[in-house]
There are 2 protein chains.
Amino acid sequence: MSAVAIPTRRRRIEPLRCTGCERGSDCLGAALDEGSGAGRMSRGHLERGEHLYRMGEPSDSLYVVSGGAFKSYVVSPDGGEQVLGFVLPGDVLGIDSLSHPQFQSSAVAIAPARVCRMPAEAIRLRLGESPDFRERLSARMGREIQRLQRLLHLGRCTAEQRVAVFLLSQSAQSEGGSLAGRPQRLPMSRRDIGQFLGLATETVSRVFTRLQDSGALRGRRTSIEIRNVERLMEIARVGLPLRRGS
Amino acid sequence: MSAVAIPTRRRRIEPLRCTGCERGSDCLGAALDEGSGAGRMSRGHLERGEHLYRMGEPSDSLYVVSGGAFKSYVVSPDGGEQVLGFVLPGDVLGIDSLSHPQFQSSAVAIAPARVCRMPAEAIRLRLGESPDFRERLSARMGREIQRLQRLLHLGRCTAEQRVAVFLLSQSAQSEGGSLAGRPQRLPMSRRDIGQFLGLATETVSRVFTRLQDSGALRGRRTSIEIRNVERLMEIARVGLPLRRGS
DNA sequence: CGCCCGCGCTGACCTGGGTCAACGCGGATC
DNA sequence: GATCCGCGTTGACCCAGGTCAGCGCGGGCG
């Protein structure tokens, strides 16, 4: 996680069958682990700060996140880091590089994480034999495209709106989808959030305190609680100080 | 094109075979128009300002642009228009909606245009029988994801950088890929460019004149000529007034 | 022909948020 | 225990670019 220290990638790999996995049959892995894909997957564990892959490395697989959390990012020629998203259990990593020989982005664990590796070879085989698998994979890619389109639009909003939308979406897709009042973990740093939303860390910090002052939010550091969902949604729509009517 | 008048969608459709098409065998259409896809395509013409499709309409096809130019955009709940990109001959329209029952964005012709329609049904059939077609389609989606990722990064740059990058990419992908000195058409309005780059129309205008003053650019209105590619690339890297070193 | 309207351009002004600096804190290391 | 270092927070300052207003021009239309 440090800006200077670059931990080498190392993963403890173990073979895997999806039968009996707690993620169930909705998981893309379970859909792969039939037919020709059977038994080709493997599972890996990563510590916080370990990279699953780095931009430029040869890409030969897709990963289903089964625990923890990841940050996906690219670094621009000038060294700036653009966070593309935070990836939670159930999500897929590497889909943006599927049709490229090298990874087009990097993925680093921001919490102790587990992934299921789906080798490209097995994916290609399965694609050839299962229309359902084709449909699910292309749906994943389509969803990613739309996520990026929405993200693009977020870039035109005020700082309050960005943070509010971020918190709402984060809350919605957290395990259990608890929008309501219970506290939730925010595994990423303020800097990460800033690099995701296109804001300076200081601005993220300021918005957090402003949201807390307004009573919409509560919590310190890595754990927050949404106190007033409606208020937050209102802010996401129009920004904090009432601005131009829609 | 007007903000108020909403022209209804109408297309003159004619059946189509790809054999003998000037786009050649690289075209996604040609790859479809074999096997089960054969003879299922059709061709349409659109006037400037006509919509190919609108967000929310049932989506049942992909389109290969074979002439003219399109603008792809979404309108946000508050009415703001976010331009997703400008689509030129050889590009594909509708790929972001392929796995959805409705179009997730709108596409409007910004110049008299021609498209080849590829029905989703034919696509699905062809996907089942051709690994090559699968590869090409998923490569298209992957490229779209990466285009959006780069666009996201553009959103963190100065106005000069955005416009410079835009002009360079526009020039690079124009028919003939002429980066060099010959003038080229810019079919989109300043407003379109602004809504694409996340800038106010006035800012786009100002940057254009600044670029012309600096000698990097020449031209009026809809036709421009890049006078100094290196300078433009330099600006794309560091911005116009020399800023923080890389 | 005159009129209108949308587009592009420019100037003046204002503000959201970037930048810089300082500080408190908690965790890791010795 | 003392030191260090990265993180989060806050304050002060400033500037890129948004906003508003005005103007010229060219194209469509009565």
Side-chain angles (χ1 to χ4, degrees), chain A residues 1-5 7 47-49 71 78 80-81 110-111 154-164 186-213 217-224 235 238-245, chain B residues 1-5 47-49 71 78 80-81 110 154-164 186-213 217-224 235 238-245:
Chain A
M1 295 294 283
S2 156
V4 188
E47 296 303 323
R48 175 185 155 86
K71 172 179 81 172
D78 66 334
E81 202 171 279
I110 55 177
L154 240 202
R156 323 283 182 238
C157 298
T158 68
E160 275 86 10
Q161 286 178 295
R162 300 187 202 198
V163 173
L186 269 198
M188 65 291 289
S189 68
R190 298 289 189 266
R191 155 189 281 254
D192 286 337
I193 298 175
Q195 285 170 340
F196 177 55
L197 297 176
L199 297 172
T201 5
E202 295 92 326
T203 306
V204 176
S205 199
R206 273 187 265 266
V207 172
F208 264 86
T209 44
R210 244 178 290 166
L211 287 177
Q212 282 175 197
D213 292 350
L217 216 66
R218 201 219 295 243
R220 293 238 166 266
R221 301 261 144 49
T222 93
S223 167
I224 61 147
I235 292 172
V238 298
L240 199 99
L242 234 59
R243 61 188 63 249
R244 58 184 57 261
Chain B
M1 295 293 286
S2 156
V4 188
E47 296 303 324
R48 175 185 155 87
K71 171 179 83 170
D78 66 334
E81 201 172 282
I110 56 177
L154 240 203
R156 322 285 180 236
C157 297
T158 68
E160 275 86 9
Q161 286 178 295
R162 299 187 204 198
V163 173
L186 269 198
M188 66 291 290
S189 69
R190 298 288 188 266
R191 156 189 280 255
D192 286 337
I193 298 176
Q195 285 170 339
F196 177 55
L197 297 177
L199 297 172
T201 330
E202 295 92 327
T203 305
V204 176
S205 202
R206 273 187 265 265
V207 172
F208 263 87
T209 43
R210 244 176 290 166
L211 286 178
Q212 280 173 198
D213 292 350
L217 215 67
R218 200 219 294 245
R220 293 239 166 268
R221 298 263 144 49
T222 95
S223 167
I224 62 148
I235 292 172
V238 299
L240 199 100
L242 234 59
R243 58 187 64 250
R244 60 183 53 261

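In what follows, chains are A, B, ... by sequence order, proteins preceding strands, each numbered from 1. Basis for what follows: all heavy atoms, side chains included, without hydrogens, waters or symmetry-related copies. Quantities reported herein were computed from a predicted structural model and do not represent experimental measurements.
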What is the distance, rounded to the nearest whole Å, between atom [atom1] of [X] and atom [atom2] of [N]?
X: B:Gln161; N: D:dA16; atom1: CD; atom2: P; result: 12 Å
X: A:Arg210; N: D:dG11; atom1: CZ; atom2: P; result: 11 Å
X: A:Leu186; N: D:dC7; atom1: CG; atom2: P; result: 16 Å
X: B:Asp192; N: C:dG6; atom1: CG; atom2: P; result: 15 Å
X: B:Leu211; N: C:dC9; atom1: CG; atom2: P; result: 12 Å
X: A:Arg190; N: D:dG8; atom1: CZ; atom2: C1'; result: 7 Å
X: A:Ile110; N: D:dG6; atom1: CD1; atom2: P; result: 19 Å
X: B:Arg156; N: D:dG17; atom1: CZ; atom2: P; result: 14 Å

>> Using a heavy-atom cut-off of 4.0 Å across all strands, would you classify A:Thr209 as base, sugar-phosphate, or nothing?
In response: sugar-phosphate

> Which part of the nucleic acid does A:Gly194 contact within heavy-atom distance under 4.0 Å: base, sugar-phosphate only, or nothing?
Replying inline: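 A:Gly194: no heavy atom of the nucleic acid under 4.0 Å.
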
>> Can you tell me whether the side chain of B:Glu202 and the base of D:dC20 have a donor-acceptor pair closer than 3.5 Å?
In response: yes

Give every pair of a protein N or O atom and an N or O atom of nucleotides 22-25 of chain C that lie under 3.5 Å apart, one pair per line with the distance.
none

Short question: side chain of [X], backbone of [Y] - any donor-acceptor pair under 3.5 Å?
X: A:Arg218; Y: A:Ile224; value: no
X: A:Ser223; Y: A:Gly219; value: no
X: A:Gln161; Y: A:Thr158; value: yes
X: B:Arg191; Y: B:Thr201; value: no
X: A:Arg48; Y: A:Ile110; value: yes
X: B:Arg162; Y: B:Leu197; value: yes

>> At less than 4.0 Å, is any side-chain N or O atom of A:Thr203 found next to OP1 or OP2 of C:dG17? Yes or no.
In response: no

>> Please tell me if B:Thr158 has a side-chain N or O lying less than 4.0 Å from either OP1 or OP2 of D:dA16.
In response: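 No, because none of the side-chain N or O atoms of B:Thr158 sits under 4.0 Å from OP1 or OP2 of D:dA16.
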
> Side chain of A:Arg206: nearest nucleotide among D:dG8, D:dA12, D:dC20?
Replying inline: D:dA12

> Looking at C:dG8, C:dG17, D:dC7, which one has an atom nearest to any side-chain atom of B:Ser189?
Replying inline: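 Shortest atom-to-atom distance from the side chain points to C:dG8.
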
> Ion pair present between A:Arg156 and B:Glu81, side-chain N to carboxylate O less than 4.0 angstrom?
Replying inline: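 Looking at B:Glu81 together with A:Arg156, the answer is no, because their closest N to O distance does not fall below 4.0 Å.
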
